[in-house]
Every structure is written in C-alpha cells, then in structure tokens.
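Below: one structure, written as structure tokens.
Positions are given from 1 along the sequence. Read the numbers this way: they start at 1 and go in the same order the structure lists the ligands and their atoms.
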Amino acid sequence: MSEPYQTLFTRIINRELPADFIYEDEYCVVINDIAPQANVHLLVIPRKPVKRLVDAKRSDTKLLGHLLWVAGEMARRSGVGDAFRVVINNGADAGQTVFHLHLHLLASEKFNESDIAAP
Ligand code: AMP
C-alpha cells in the first residue's frame, strides 16, 4: 500500500519539525512564515495535504471556505484587519515551493507592491 502524501508542512503539523503555531483547529493550522516578506506573514495550512489549489476537489469547497475565514480571522486578531492580502501560489512557475496548499496572509503598515506581490 502506498504511503500517504507527506510534505514539509505535514511534518510541521505532526510536530516533527518546529514552527511558531499561531492557531489550529480540526481543519487547519496557522504558523509564522520562516522567511517573512511583510510585518505580518502567516501561513494558513490545511491538515489535508492538497498539493495545489488546482488539485482541490469539489468536495474540498467547505475546507477552502474555512481557510479563507481563518485568514480573515487571523488578520483581525493580528490587528491588520483593515489592510492585508491573501496570496496562493499555484505551481512552481507561480512561485510555489511547498506542494501542500497554503494561504499566505500578508500585511505591512504600508503596502509596497514590489515587496509582497509574490511571496
Ligand atoms: P510557497 O513558495 O508559496 O510554496 O510558500 C512556501 C512558504 O513556506 C515560503 O514563504 C517559505 O518561507 C515558507 N516556509 C518554508 N519552510 C518553512 C518552515 N519550516 N516554517 C515556516 N515557513 C516555512
């Protein structure tokens, strides 16, 4: 039988690797990005290791909605609810380096397009 799909983020979720956990629930975890591109740079990561957004199934729509809600909630709790961005890189050519779907939540005091357009 094949092993379940394992990623760097799976290992973080399973506490095999260290990370700053900001939030977690039954569907996802939120950690600080290890190389922040903005004052606030969080990653919202589903426990389910969907590789890319394009690989999400129709049955994942509830999960996808939840991830967006969590991103907004984390922005609110971080005090940046009035100015933040949510970015998903889909595919290596779009800058995806970890093939486990994740949302970047980015916020700076003042947005600089060149700083945070492509995390
Ligand atoms: P992406 O390039 O969209 O796949 O985003 C992957 C993100 O994961 C990058 O912003 C990395 O800085 C971040 N990252 C990689 N390794 C870790 C880690 N061990 N802990 C937290 N964030 C990480």
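- Across Asp33, Ile45, Ile31, Val98, heavy-atom proximity to atom 12 (O) of ligand 1 is greatest for Asp33.
- Both the backbone and the side chain of Thr97 come within contact range of ligand 1, each with a heavy atom under 4.0 Å.
- Remark: ligand 1 and Ile34 share an N or O pair separated by less than 3.5 Å (distance only, no angle test).
- Residue contact check for ligand 1: His102 places a non-hydrogen atom closer than 4.0 Å to it.
- A salt bridge is absent between Glu26 and Lys48; no separation between the charged side-chain nitrogens and carboxylate oxygens falls under 4.0 Å.
- Considering each of Leu103, Asn90, Leu43, Leu8, the one bringing a non-hydrogen atom nearest atom 15 (C) of ligand 1 is Leu8.
- Residues Val50 and Ile13 fall into different hydrophobic clusters, defined by Ile, Leu, Val, Met, Phe, Trp and Tyr side chains chained together at heavy-atom separations under 4.5 Å.
- Close approach to Asn32 involves these atoms of ligand 1, each under 4.0 Å from a residue heavy atom: 21 (C).
- Annotation for Tyr27: atom OH does not count as buried by contact number, only 12 or fewer foreign heavy atoms lying within 6.0 Å.
- In the vicinity of Ala35, heavy-atom distances shorter than 4.0 Å reach the ligand 1 atoms 12 (O).
- Cluster annotation: Ile45 is not connected to Tyr23 through the hydrophobic network of ILVMFWY side chains, with a link wherever side-chain heavy atoms come within less than 4.5 Å.
- Within the 4.0 Å heavy-atom shell around ligand 1 one does not find Ala19.
- Short contacts between ligand 1 and Ile12, defined as distances under 4.0 Å to a heavy atom of the residue, involve ligand atoms 18 (C), 19 (N), 20 (N).
- A salt bridge is absent between Lys57 and Asp60; no separation between the charged side-chain nitrogens and carboxylate oxygens falls under 4.0 Å.
- Ligand 1 is approached by Phe9 to a heavy-atom distance shorter than 4.0 Å.
- Under a 4.0 angstrom heavy-atom cut-off, Leu17 registers as lying outside contact with ligand 1.
- A distance-only check finds no donor-acceptor pair linking the side chain of Asn32 to the backbone of Ile22 [under 3.5 Å].
- The N/O atoms of His104, backbone and side chain alike, include one that comes under 3.5 Å of an N/O atom in ligand 1.
- Cation-pi contact between Arg15 and Phe21: present, with separation from the ring centre below 6.0 Å and deviation from the ring axis of at most 45°.
- Proximity of the aromatic rings of His104 and His102 is defined here by a centroid distance below 6.0 angstrom, and this criterion is met.
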